[in-house]
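Presented below is the structure to which this report refers.
If you read the sequence from its start, that first residue is 1, and numbering goes on from there. Atoms within each ligand, like the ligands themselves, are counted from 1 in listed order.
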Amino acid sequence: MSAPHTSPENAKGVTGWLDSRLPVISLMNRSLRDFPEPKNLSYMWTFGSLAGIALVIMIVTGILLAAQYTPHVDHAFDSVERIMRDVNYGWLIRYIHSNGASFFFLVVYIHMFRGLYYGSYKKPRELVWMLGVLMFLLMMATAFMGYVLPWGQMSFWGATVITNLFSAVPIVGDTIVQWLWGGFSIDNPTLNRFFALHYLFPFVIVAVVVLHIWALHVVGSNNPLGIDVKSARDQVPFHPYFTYRDMLGLAVFLFFFSLFVFYAPNYLGHPDNYIPADPLVTPPHIVPEWYFLPFYAMLRAITFDIGIPFTSVVFIDAKLGGVLTMLGAVLILFVLPWLDRSPVRSGRFRPLFRVCFWVFLVCCVFLGYVGARPADAVLLGLPLQWFGLLATAYYFAFFVVLLPFVLPRVEKEVELPASISEAFADGVAKKKRGKGAEEAKA
Ligand code: HEM
């Protein structure tokens with residue numbers, strides 16, 4: 001017989017009784033309270049927990065909205081208006097949910113760029129990263145379907161543009177589109193299935209979050225130095241050190257989130273979505289939510305067919321090219337752990353990587369700008385799309401040229417510190433010296 005799962009702290013009272021039968025409390029204590037973390041984790045390591053909290057906010061407000069929403073093309077728009085006007089605090093629940101999506105993406109984007117900068121995707125955390133990319137894909141699908149539900153003009157036409165992309169698939173494209181729609185146009189079956197999947201996917205994301213954190217706890221967190229933990233001196237327990245840090249992070253998050261919810265609730269949305277969906281009137285400028293804009297820009301950046309020049313032979317037409325580029329931009333993240341061949345994780349010790357990283361970040365933000373502008377916009381007298389194409393080229397070059405081929409050859413990494421605790425002690429000593437010098441000056 002195996003030994004009962006008791007620990008001295010949980011052996012008494014109701015918790016002790018429960019824990020000796022189903023050791024959930026000791027599991028929580030081991031994986032949350034006592035879990036050893038590198039002691040140099042910065043505020044950049046708060047964004048994982050913030051993403052988890054944002055996910056919970058989205059699920060709770062989503063369930064409350066679903067209790068009043070009607071997934072029917074004749075009633076969806078009105079049911080959302082009723083939530084805003086007649087349901088007690090319906091406006092608040094809806095604004096938290098709609099702005100919550102934006103903040104969820106913002107937090108996850110910072111979380112991803114943090115991982116990229118500090119090399120958290122590298123051995124042994126490849127699977128943690130890949131599960132993250134899977135969640136990102138699920139988040140994109142969930143957000144896209146959620147945006148269709150209010151059945152406004154942007155909902156309808158956004159859904160039309162994106163579902164039509166599947167028609168670019170050779171031979172079976174049109175069949176796939178009709179299968180997605182559940183008919184010959186976007187209609188009630190489409191809205192119904194989007195509602196069903198929009199309700200389901202967040203719970204799938206929760207399941208993947210569990211695997212993400214489980215995989216992370218097997219290998220332990222990376223840290224700003226990117227070096228491995230060498231001894232117990234390099235670590236501190238999660239509680240109280242990081243619980244308090246995360247609580248401060250949450251307070252800052254809630255401050256900015258509240259500013260949007262209470263003072264600018266429609267700032268991040270599109271006014272056309274307050275017009276009921278009309279299949280006979282196409283809006284002049286169809287744009288997705290801000291968090292999709294860089295990918296939208298990549299989709300539109302490919303305006304030419306790919307084939308044999310000066311002949312009519314086309315291998316990939318412009319539409320399929322755009323779709324493949326957009327899809328490739330996300331899928332390439334899955335193989336990132338094997339593209340970056342430098343053994344050094346943290347960007348702090350990789351001077352050239354740092355430059356490439358910041359250019360990459362600027363390109364992503366710039367692509368967001370390009371995605372928000374009309375397709376025929378002009379910059380410095382040239383079509384904006386050209387700049388979009390250039391930024392797209394850099395996006396891919398970063399992954400398939402710079403990381404695997406250029407940087408390993410030309411970069412000279414800075415020497416790594418011997419251990420986290422040594423670097424930590426050096427940092428504290430430097431701060432003390434700085435303080436001493438200031439006091440002496442005064
Ligand atoms: C629903 C979305 C997500 C949630 C709730 C979530 C949650 C977390 C949490 C709680 C941590 C530990 C704390 C931290 O390191 O900040 C973490 C770590 C990590 N996450 Fe996520 N995550 C999400 C999405 C992603 C995405 C999209 C990626 C990348 C594509 C990603 C990659 C990573 C990596 C590499 C780590 C390890 C970081 C390190 O140790 O340095 N996560 N995540």
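Protein heavy atom closest to atom 37 (C) of ligand 1, with residue, atom name and distance, is L216 CD1, 3.6 Å. Among protein heavy atoms, atom 41 (O) of ligand 1 sits closest to S120 OG, 2.6 Å. At the shortest separation from atom 36 (C) of ligand 1 among protein heavy atoms lies V128 CG1, 3.6 Å. Closest to atom 28 (C) of ligand 1, if we only count protein heavy atoms, is G132 CA, 3.4 Å.
Counting the atoms of ligand 1 from 1 in the order shown, those under 4.0 Å from a heavy atom of F104 are 1 (C). Which parts of ligand 1 touch M112 is read off a 4.0 Å heavy-atom cut-off, strictly below it: atoms 26 (C), 27 (C), 28 (C), 29 (C), 30 (C). Ligand 1 places these atoms under 4.0 Å from at least one heavy atom of S49: 10 (C). Using a 4.0 Å cut-off to heavy atoms of G52, the atoms of ligand 1 that qualify are 5 (C). Listed by number with element, the atoms of ligand 1 under 4.0 Å from a non-hydrogen atom of N222 are 39 (C), 40 (O), 41 (O). Counting the atoms of ligand 1 from 1 in the order shown, those under 4.0 Å from a heavy atom of I213 are 10 (C).
A salt bridge links D228 with R345; the closest basic N to acidic carboxylate O contact falls under 4.0 Å.
Of the possible donor and acceptor atoms, one in the side chain of D340 sits under 3.5 Å from a partner among the backbone N and O of S342.
Shown here for K319 and S167, the closest heavy-atom pair between the two residues is NZ-OG, 2.7 Å.
Of the N or O atoms in N223, none lie within a sub-3.5 Å distance of an N or O in ligand 1. Geometrically, ligand 1 and G48 share a nitrogen or oxygen pair separated by less than 3.5 Å. Between W45 and ligand 1, a contact under 3.5 Å exists for at least one N or O pair. In terms of polar-atom proximity, defined here as any N/O pair under 3.5 Å, R114 does make such a contact with ligand 1.
In this structure, a donor-acceptor pair under 3.5 Å is absent between the side chains of S421 and K230. There is a side-chain donor-acceptor pair under 3.5 Å between Y95 and N266.
Looking at heavy atoms from C-beta onward, Y394 lies out of side-chain contact with T392 at the 4.5 angstrom threshold. Proximity of I59 to V56: side-chain heavy atoms (C-beta onward) are nowhere separated by under 4.5 Å.
By the side chain to side chain donor-acceptor pair (under 3.5 Å) test, S102 pairs with W290, sequence neighbours left out.
Ligand 1 lies within reach of V133, whose nearest heavy atom is under 4.0 Å from it. In this structure, Y118 has no heavy atom closer than 4.0 Å to ligand 1. Under the 4.0 angstrom criterion for non-hydrogen atoms, A51 is in contact with ligand 1. Contact annotation: V108 has at least one heavy atom less than 4.0 Å from an atom of ligand 1. Ligand 1 has no atom lying under 4.0 Å from any heavy atom of M130.
Aromatic pair F360/F399: centroids less than 6.0 angstrom apart. Between F35 and F238, the ring centre distance reaches or exceeds 6.0 Å.
Of the listed residues (Y291, F201, F194), just one forms a ring pair (Phe, Tyr, Trp, His ring centres under 6.0 Å) with F144, and that residue is F194.
Using cut-offs of 30° and 60° on the angle between ring planes, the pair H198 and H97 is perpendicular.
Among M58, K122, M135, H212, the residue whose heavy atom lies closest to atom 43 (N) of ligand 1 is H212. Nearest to atom 42 (N) of ligand 1 by heavy atom, out of E126, R125, H111, is H111.
The residue L55 has no part lying near ligand 1, judged by heavy-atom distances below 4.0 Å.
Considering CG of L384 and CZ of F387, their distance stands at 7.5 Å, rounded to 0.5 Å.
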